[in-house]
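Note sheet for the following structure.
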Amino acid sequence: MKYITYFIKFFYRIRFWLIIAPIIVASLVYWKTNNTPRDYTTTCSIYTGIITGVNILSESGVTTTSYTQGSMMDNLLNIITADQTLKQVSLRLYARIMVYGDPHKDNIYTKASNYRNLYNHGIPIHNLIDKKSDNDSINEQRTYEKLLAYETNDPTNYVYGIYQWNLPYVNRETLKKIYVKRLGNSDVLEVSYTTNDPGIAYQTVLILIDEFNKQYQELRFGETNNVIKHFRHELDSIGKELKISEDSLTKYRVEKQVINYDEETKHVAALNRDYELQYWETLNNYNSTDSLKRELEKRMQLYTEIIQNNNSFILLNSKISEINEKLAMAKYYTSDAVSKVTIDSLQRELDKNETALTEAVHKIGYLKYSKEGISNENMIEEWLKQVLAYKKAQAELIVLNKRKIHMAQKYIHFAPIGSTLTRKERMVNINERRYLAILDALNTALLKQKSIQMNSASLKLMNAPYYPLVPSALGKHKLLTIGAYLATLIFTIFFFLIIEILDHTLHNLFKAEQLTGCKVLGAFTRQLSLAARRYNKVYATLSAQNLCNSATTYFKPDQSNIINLISNEPGEGKSYIMEQMAQQFMERGYDVTQLSWQNEPQTDAQAFIQSLNMNDPDDLEKNSLKEKIVIVEYPSLKEAALTANILQNVSLNLQVVDSRRTWKNTDQQRFERTKEMCHKAPLFLVLNYTKRDAAEDVNGLMPPYSFLRKLLYQLSQLGLTANDKTTQISKDKHRND
């Protein structure tokens, strides 16, 4: 707490410096910089619509994260402040100033003085400034195009140096002062630019907004258009490969006469299965009929040869075999176009021939009975039946054997087709998937392009830039003035603070107690001058009263109380303090004796100390005067040395210090030695020649008791909520004094 109080008092002590010095310096700076050019600021707001605006992606349900949204806005900020953008702004601004500027009067494009400076500096490229057309916008565009065409990456090229050199208003360092920020979390960007030429500030922001739109669309659309172009090229290439592979598959199917390979192979497998079943069935019928036929022929013996040698039998049998073969062909080769009418006709012809064969056999009458007279009719019929069945089975076997060769050719035909078709279909499938993937990517890129078009269309000016007519509220001279004031204020504080820290003068209570390590019991002010000199006597009285009040607390009853006044250096004011204390004690009714080495006939200071040291302190109590208070003024410790007996056998030791002089290391050493010799006897400091503020730290508030002084004193004592009032009696007393 004491440190807080100390610093408050420190600022109070240097209050006049803190008020006067900064004001003087700030006034001088304001006066010197009053003629400096004023700054003009123009601003505008751009609505981007990137986050909250309507686009294709948001309408399709695609959402973006806050990180993505922040990145999108950062991209816009980077584009508008990029070197490429600012370089284009620099060349366009230079071209506009050169075309529209007037060397004799200011206009909305630039001041006449700035135009002359830029024009005279650009002598090497005066031929690039085009003013042939009556339309200045055309002249500006032509000039800009000529500047671009003339520019090369060469340090000696003037156009290359327009943006790089220290050319005012159009160089990189100046344009980098364009301030762009996002307003909160909105879609709005605010652009502001400050310079000392209102026309250039206005035109710079106009060109920047236009160039920002161009750069944004070029970057976004350039990237998307390149992607779309790549995807379309890939789509055409893969489409051609897909068409070639599909045509190759179609041609192969046509060449091999395959429509549906899987179904056809299943059909071939089914036919082969049916063929196998039919073959074994027919072979079984053939063998069984052949066996029965042979058995019956053995029984019939001669009759069989007769029948077989019969011309009608041979003819009909041949016809029946031929018809059976045709019917078998029609049955097993269903792929051949044999109509049902033809099959029915063959079947009728077969039935007719079989009937004719039976009748021909029956006409041979002598064969009805054997030589034993046994009837052969049933056996012949059975034999004939087996012959017919045999012929049928034989015909079918012939056809089935041919079909076996046909089926083998089918397998030979379809076997290599399968692997080739699989390979060609796989190639078609691969190309088709590649084609669909590229097509999907192309559609996404086109969707992105349309979204960018919608976003770019939403880059609109909410607040267009305006031509500034009034300088900025804080011009350069005002900023310099404020800066000078604050700098002087800070310098003053630190200057006096450093002095306060390094100073070894006991000019106040805090410094005295900090440097010496001893308590301060009293403080006397120096003789004040001017208006305050009328309070000198009052201050001396108040200081003496406070010191005597404090000293009384160390008195011992029923004996003489000795007060030693000592100092390190001569001229510290011990005699003055002794007189003031003696006067106060006498006013209170005390018997006071003043002993001073200066009033003794001895001229030697050490002799005075020895004379007091030789006397027993009890002798003073036996003195006839019966003194109650003895104030002894000793010579300075620099001139004479005190003894422990003198310092210990007293009520109070007071070290008087001149607060105006430096408290040296020798002073501290003497004080420490004196403190050790005092032992249990109290030793305190008394500050002399202090300022009124320092004396108030010990004595309390001193007159005059004005409202302002009471308020400042109350604040210095941290009495922030106190309600201290000086009594009317005290006021009247000091007023009379």
Side-chain angles (χ1 to χ4, degrees), residues 499-500 502-528 536 539-540 543-544 547 550-551 562-582 594-600 602-613 630-648 650 652-678 681-692 694-695 697-698:
I499 292 177
E500 183 71 17
L502 300 179
D503 185 25
H504 269 227
T505 303
L506 308 182
H507 56 76
N508 57 46
L509 176 66
F510 182 83
K511 291 291 290 186
E513 293 181 349
Q514 184 186 43
L515 293 176
T516 64
C518 183
K519 294 292 184 181
V520 175
L521 198 63
F524 287 81
T525 62
R526 64 190 66 171
Q527 293 296 313
L528 303 179
N536 285 331
Y539 293 163
S543 300
L547 180 58
S550 301
I562 302 174
I563 300 175
N564 289 335
L565 297 179
I566 58 179
S567 65
N568 286 343
E569 297 282 346
E572 302 267 14
K574 297 189 295 294
S575 300
Y576 173 76
I577 293 175
M578 183 175 66
E579 292 176 0
Q580 295 297 326
M581 291 181 67
Q594 302 180 54
L595 298 178
S596 175
W597 70 281
Q598 297 180 9
N599 298 330
E600 295 297 326
Q602 297 91 342
T603 58
D604 185 67
Q606 190 64 40
F608 174 78
I609 296 174
Q610 293 297 332
S611 64
L612 291 179
N613 190 36
V630 178
I631 303 176
V632 183
E633 177 190 358
Y634 290 96
S636 65
L637 298 179
K638 184 178 181 181
E639 298 173 340
L642 299 179
T643 62
N645 187 34
I646 292 176
L647 296 174
Q648 293 179 4
V650 296
L652 187 64
N653 293 304
L654 297 179
Q655 174 101 19
V656 180
V657 180
D658 186 352
S659 63
R660 298 172 300 182
R661 72 176 186 85
T662 304
W663 185 257
K664 302 181 291 296
N665 292 335
T666 56
D667 293 325
Q668 183 65 24
Q669 293 173 3
R670 291 168 184 162
F671 180 76
E672 293 290 342
R673 187 163 56 249
T674 302
K675 190 175 181 180
E676 291 177 1
M677 289 190 296
C678 289
L683 173 65
F684 295 101
L685 294 176
V686 177
L687 300 180
N688 197 11
Y689 303 109
T690 65
K691 293 182 179 180
R692 181 175 59 187
D697 291 340
V698 181

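What's counted below: heavy atoms across the whole structure, side chains too, no hydrogens, waters or symmetry copies.
- Look at Glu569 and Lys664 and you find a salt bridge, because one of the NZ, NE, NH1 or NH2 atoms lies within 4.0 Å of a carboxylate O, short of that distance.
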*Mind running side chain to side chain contact (heavy atoms under 4.5 Å, CB included) on Tyr576 and Phe524 for me, showing each step along the way?*
CA-CA 10 Å; Tyr576 173 76; Phe524 287 81; 4.1 Å; yes

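- A salt bridge is defined here as a Lys NZ or Arg NE, NH1 or NH2 lying under 4.0 Å from an Asp or Glu carboxylate O, and Arg661 with Glu572 meets this definition.
- Between the side chain of Gln648 and the backbone N or O of Met677 there is at least one donor-acceptor pair closer than 3.5 Å.
- Looking at Leu642, Leu647, Asn653 one by one, the single match for side chain to side chain contact (heavy atoms under 4.5 Å, CB included) with Tyr634 turns out to be Leu642.
- Side-chain contact annotation: Asn645 with Thr643, donor-acceptor N/O pair under 3.5 Å absent.
- Judged purely by atom type and a 3.5 angstrom limit, Lys574 has no side-chain atom pairing as donor or acceptor with the backbone of Val632.
- If you take CG on Leu506 and CG on Asp658, they are separated by 9.5 Å, rounding to the nearest 0.5 Å.
- To the nearest 0.5 Å, the span separating CG on Asn568 from CD on Glu639 amounts to 11.5 Å.
- Counted by atom type alone, Ser575 and Glu633 present one or more donor-acceptor pairs between their side chains at under 3.5 Å.
- Both the sub-6.0 Å distance and the 45° axial angle are satisfied by Arg660 relative to the ring of Tyr689.
- Note that CH2 of Trp663 is 6.0 Å distant from CD of Gln668, once rounded to the nearest 0.5 Å.
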